[in-house]
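Every chain is numbered from 1, with letters handed out A, B, ... down the list of sequences.
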2 protein chains.
Amino acid sequence: MQPQISDQILYSFLTGGFSASSSTTTTTTSPFYPFAIEEDTISQDRALAALRNHKEAERRRRERINSHLNNLRNLLSCKSKTDKATLLAKVVQRVKELKQQTLEISNETLPSETDEINVEDCSNDDGRIIFKISFCCEDRPELLQDVVKILKSLQMETVYAEITTIGGRTRNDLVVVADIEQHGVESVKYLQNALKSLLERSSQSVVMRRGGGGVERSKRRRGVDHIIMV
Amino acid sequence: MQPQISDQILYSFLTGGFSASSSTTTTTTSPFYPFAIEEDTISQDRALAALRNHKEAERRRRERINSHLNNLRNLLSCKSKTDKATLLAKVVQRVKELKQQTLEISNETLPSETDEINVEDCSNDDGRIIFKISFCCEDRPELLQDVVKILKSLQMETVYAEITTIGGRTRNDLVVVADIEQHGVESVKYLQNALKSLLERSSQSVVMRRGGGGVERSKRRRGVDHIIMV
DNA sequence: TCCTACACGTGAACC
DNA sequence: TGGTTCACGTGTAGG
């Protein structure tokens, strides 16, 4: 049932016993012993040395691991008393959070591959209508002016705008406000339709540019432009 | 030097030996033994049970820790072979990176408490001057219009703008371009001076508002506005 | 007294 | 073979 115990005892007698009489003395006091015994002491000596190496290597390994754990304790500003399992659980949670965070930042700021329009009514009841507009499309120089024209024609004021352009595509997040007297529930539809035609114009201009036309603007299509305006 | 070895042997004989004859049988076969011996077997029984509990608790603890480590392996998409120390080192590095990242995001997007202006010449040699403008100041409704006026008067075009407003303070990051023919090295100075007077106007308007004047705009001072425009 | 968490030394498996 | 990593059971300290 527990065979390792007897082995362990035997082993302890063998190594532990000889360890008590010090491995350095065995070789110096052994010349008068028969050859077989001397060989034994030598092999035991080696085994003992191996065991000592093993022991110390294992200690170093533990130290390495624990030092990393302490680093994590500091990074998460945990008390030094928090036990390993709980600490690691917190680390797992933290890494998940941070990964999620950066993922969200990417999703919320980078243009999507497909054209998209989203208009959300975020009005509160203070007499103003608030729309959060978000759309992704091919970039073109006149895009912003066209957006401004649309909003002006609808008598909407931009209070926040975030525009990110990368690889020829652009993402625009706008917050616009309007007086409630000049707008009804149908304003969202107007806005969406206007933006839809805007995006179609962008697509067409891309087709034209890629078909054969000018190569100008190619410089602006490198890297990331990220612009915020009120 | 190694006192624990002899103890260990003794302990192994005591617990291991009796464990071989099964703890369940000792109580049933012991009624004919003297009282003292029976008490011994009972206490040994208990010690044995304690040892078993201890052993299993330790196993559960190891499982808990290792399960968290495996979670981390998956989160960092490490191979299952990566050893604990290396894995933890990578975790430490990753957490540091992510912390740094979020810190930078905060520093680069949130308005500072003090008014600041920074104009950086990022021109490349393609016939256009490029300025990266960044300034933090008190927010006011006309601020953007004033900025636009300044840039227009200097015949500069905004190609990127990122504006974040929180707690009544605003941070503006702009990238503006201008033709090299219309501008010399002194343009930076013009720009800086114009922005400086802009910020002074913002400060004055705040003093006025806070002194006694209108309470309007108080709603806009809650939460975060983050706007990007091209 | 029991429970919990840790460090330790050791056997085993893998290069 | 030696070096390295892991799991295991145990001793031990603190609650």
Side-chain angles (χ1 to χ4, degrees), chain A residues 1-20 23 39 42-73 76 78-91, chain B residues 1-20 23 39-40 42-74 76 78-91:
Chain A
M1 199 175 182
Q2 285 173 315
Q4 73 273 22
I5 283 183
S6 53
D7 289 359
Q8 190 177 323
I9 295 167
L10 184 64
Y11 195 85
S12 298
F13 271 123
L14 279 173
T15 59
F18 276 98
S19 96
S23 60
E39 262 204 332
I42 289 173
S43 75
Q44 282 162 9
D45 231 25
R46 273 218 300 232
L48 202 58
L51 203 61
R52 209 184 49 232
N53 283 343
H54 184 36
K55 193 165 59 172
E56 288 173 358
E58 183 61 17
R59 186 178 46 77
R60 281 193 299 271
R61 175 177 165 272
R62 278 195 301 266
E63 284 174 357
R64 228 178 318 149
I65 292 176
N66 284 333
S67 120
H68 290 315
L69 287 175
N70 282 329
N71 285 342
L72 287 172
R73 255 183 270 263
L76 300 204
C78 287
K79 329 181 120 83
S80 59
K81 282 299 293 176
T82 37
D83 69 272
K84 297 184 183 179
T86 323
L87 169 66
L88 285 174
K90 285 183 180 175
V91 170
Chain B
M1 196 177 186
Q2 285 174 316
Q4 74 273 21
I5 284 182
S6 52
D7 289 357
Q8 190 176 325
I9 294 166
L10 184 64
Y11 197 85
S12 299
F13 271 123
L14 278 173
T15 58
F18 276 99
S19 96
S23 61
E39 262 204 333
D40 270 11
I42 288 173
S43 76
Q44 282 161 8
D45 232 25
R46 274 217 299 230
L48 202 58
L51 203 60
R52 210 185 47 233
N53 284 342
H54 184 34
K55 192 165 59 171
E56 288 173 358
E58 183 61 15
R59 187 178 46 76
R60 281 193 299 271
R61 175 177 166 271
R62 278 194 304 265
E63 283 174 356
R64 229 178 318 151
I65 292 176
N66 284 334
S67 119
H68 290 315
L69 287 174
N70 282 330
N71 286 341
L72 287 171
R73 253 183 270 264
N74 293 334
L76 300 204
C78 288
K79 328 181 121 86
S80 59
K81 283 297 295 175
T82 37
D83 70 271
K84 296 184 183 180
T86 321
L87 169 66
L88 286 174
K90 286 184 180 174
V91 171

Any idea which of D:dT5, C:dC6, C:dC8 is nearest the B:Glu58 side chain?
-> C:dC6
In whole angstrom, give the distance that lies between atom CG of B:Asp83 and atom C1' of C:dC15.
-> 13 Å
Can you figure out which of D:dC8, C:dA12, C:dC2 approaches the side chain of A:His54 most closely?
-> C:dA12
Please report, rounded to the nearest Å, how far the P atom of D:dT5 is from the NE2 atom of A:His68.
-> 11 Å
May I ask you to say whether B:Arg61 pairs ionically with B:Glu58, meaning some side-chain N is under 4.0 Å from a carboxylate O?
-> yes
Side chain of A:Arg61 (C-beta onward), nearest among C:dA7, D:dC6, C:dA5 = D:dC6
Under 4.0 Å between any heavy atoms, over every strand shown, what does A:Arg64 touch: base, sugar-phosphate, or nothing? Just pick one.
-> sugar-phosphate
Check whether any side-chain nitrogen or oxygen of B:Asn66 sits under 4.0 Å from OP1 or OP2 of D:dC6, and answer yes or no.
-> no
In whole angstroms, the gap separating C1' of D:dG15 from NZ of A:Lys79 amounts to 16 Å
Roughly, in whole Å, what's the span from NZ in A:Lys81 to P in C:dC6?
-> 8 Å
Is the distance from OP1 or OP2 of C:dG9 to the nearest side-chain N or O of A:Arg62 less than 4.0 Å?
-> yes
Atom-to-atom span, CD of B:Glu63 to C1' of D:dC6 - whole angstrom = 14 Å
With DNA chain C as reference, determine whether A:Arg59 or B:Arg60 sits nearer its 5' end, using the nearest nucleotide of each.
-> B:Arg60
Side chain of B:Lys84: nearest nucleotide among D:dC8, D:dG11, D:dC6?
-> D:dC6
Check: B:Arg73 and B:Leu87 side chains under 4.5 Å, non-hydrogen atoms | yes
Compare the minimum distances between each of C:dA7, C:dG9, D:dC6 and the side chain of A:Lys55, then state the nucleotide with the smallest one.
-> C:dG9
Atom CD of A:Glu56 and atom P of C:dT10: how far apart are they, to the nearest Å?
-> 12 Å
Is there a side-chain contact between B:Arg52 and B:Glu56 (heavy atoms, below 4.5 Å)?
-> yes
Tell me: CG of B:Leu87 to C1' of D:dC6, nearest whole Å?
-> 14 Å
Minimum-distance nucleotide (side-chain atoms of B:Leu51 versus D:dT10, C:dG11, D:dC8) | D:dT10
Side chain of A:Arg52, base of C:dG9: donor and acceptor closer than 3.5 Å?
-> no
Regarding the side chain of B:Asn53, the nearest nucleotide among D:dT1, C:dC3, D:dC6 is C:dC3
State, yes or no, whether a side-chain contact exists between A:Val91 and B:Asn71 at a heavy-atom distance under 4.5 Å.
-> no
Looking only at heavy atoms, which two atoms of A:His68 and B:Ala85 are closest? And how far apart?
-> CD2-O, 3.3 Å
Whole angstrom value for the distance that separates C1' of D:dG2 from CZ of A:Arg46 = 11 Å
